[in-house]
Amino acid sequence: MDSELGQQKNARTASSTTVRREFELSRSASLAAIETVSTAADCDPTELVPLYEVIDPDALDALFGSQSDLADPETRVSFGYEGFTVIITRHGQKLTVKANHQTE
């Protein structure tokens, strides 16, 4: 499931090209994505465009939720958001979120 909707004209730049964070499954995938991108962009999460403009946060959370019937222990999703390619991967009971700065 990829989305190009996250590419913004005024995409943020980052001092680091990649940020990688790990989260427990108790953290929603949508919040994990927002927190990782805000770290990569060196800004407050409230300064980012709403995630729902890029991807359905409820569907993302359902896909990675610890109680979800849809949750596969090796699930992976990537999408564009605020000038970053966000990759969320589930490894057993952990979520790994990477934000790679997009280059043109």
Side-chain angles (χ1 to χ4, degrees):
M1 170 194 272
D2 290 329
S3 173
E4 296 299 318
L5 295 175
Q7 296 180 1
Q8 302 294 320
K9 287 184 180 178
N10 297 327
R12 300 178 190 282
T13 59
S15 57
S16 173
T17 58
T18 301
V19 170
R20 181 179 182 274
R21 295 183 65 194
E22 289 191 359
F23 299 88
E24 297 294 325
L25 283 182
S26 59
R27 169 68 89 213
S28 72
S30 58
L31 286 177
I34 291 166
E35 291 174 13
T36 303
V37 171
S38 71
T39 298
D42 193 27
C43 71
D44 189 87
T46 61
E47 296 177 36
L48 301 174
V49 297
L51 187 63
Y52 64 78
E53 291 185 14
V54 176
I55 193 166
D56 182 340
D58 293 331
L60 190 63
D61 293 343
L63 187 62
F64 287 98
S66 61
Q67 304 299 319
S68 173
D69 292 336
L70 300 173
D72 181 308
E74 297 298 322
T75 301
R76 177 187 161 117
V77 171
S78 65
F79 56 94
Y81 181 49
E82 287 285 354
F84 294 88
T85 299
V86 178
I87 303 167
I88 303 175
T89 309
R90 178 176 174 175
H91 300 283
Q93 297 299 307
K94 299 272 188 195
L95 287 180
T96 301
V97 183
K98 287 174 52 176
N100 299 314
H101 189 258
Q102 295 174 338
T103 57
E104 297 189 58

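Note that these values count all heavy atoms, side chains included, but never hydrogens, waters or copies made by symmetry.
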Exercise for review: Check the pair Thr18, His101 against side chain to side chain contact (heavy atoms under 4.5 Å, CB included), reporting the backbone distance first and the verdict last.
Suggested key: CA-CA 6 Å; Thr18 301; His101 189 258; over 6 Å; no
[Y] side chain reached by [X] side chain, heavy atoms, under 4.5 Å:
| X | Y | value |
| --- | --- | --- |
| Thr36 | Val86 | no |
| Thr75 | Leu63 | yes |
| Arg20 | Thr96 | yes |
| Lys98 | Phe84 | no |

Heavy-atom closest contact ([X] atom, [Y] atom, distance):
| X | Y | value |
| --- | --- | --- |
| Ala32 | Val97 | CB-CG2, 3.8 Å |
| Ile34 | Pro45 | CG2-CB, 3.7 Å |
| Leu25 | Lys94 | CG-N, 4.2 Å |

Check your understanding: Counting N and O atoms only, with roles assigned by atom type, does the side chain of Ser38 sit under 3.5 Å from a partner on the main chain of Glu35, one being a donor and the other an acceptor?
Key ->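 Yes: the side chain of Ser38 pairs with the backbone of Glu35.
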Exercise for review: Give a yes or no on whether the backbone of Val49 and the side-chain of Tyr81 come within a donor-acceptor separation of less than 3.5 Å.
Suggested key: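 Side chain of Tyr81 to backbone of Val49: a pair is present.
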Check your understanding: Which is it for Ile87 and Phe79 under the side chain to side chain contact (heavy atoms under 4.5 Å, CB included) test, yes or no, and what are the steps along the way?
Key -> CA-CA 7 Å; Ile87 303 167; Phe79 56 94; over 6 Å; no
Check your understanding: Between atom CZ of Arg76 and atom CZ of Phe64, what is the distance when rounded to the nearest 0.5 Å?
Key ->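 These two atoms lie 9.5 Å from each other.
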Review point. Nearest 0.5 Å, what's the CG-CD distance between Leu48 and Glu53?
Key: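 Here the interatomic distance stands at 11.0 Å.
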Review point. Are Asn100 and Thr85 close enough, and set up right, to give a side-chain hydrogen bond (donor to acceptor under 3.5 Å, both in side chains), and what steps lead you there?
Key: CA-CA 5 Å; Asn100 299 314; Thr85 299; 5.9 Å; no
Exercise for review: Check side-chain contact (heavy atoms from CB on, under 4.5 Å) between Ser30 and all other residues, then give those that pass, not counting sequence neighbours.
Suggested key: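 Expected list: Ser28, Leu51, Pro57, Leu60, Asp61.
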Point to revise | Sequence-distant partners of Arg21, salt bridge (charged side-chain N to carboxylate O under 4.0 Å, His left out), two or more places apart | key: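 Partners of Arg21 under the salt bridge (charged side-chain N to carboxylate O under 4.0 Å, His left out) test: none.
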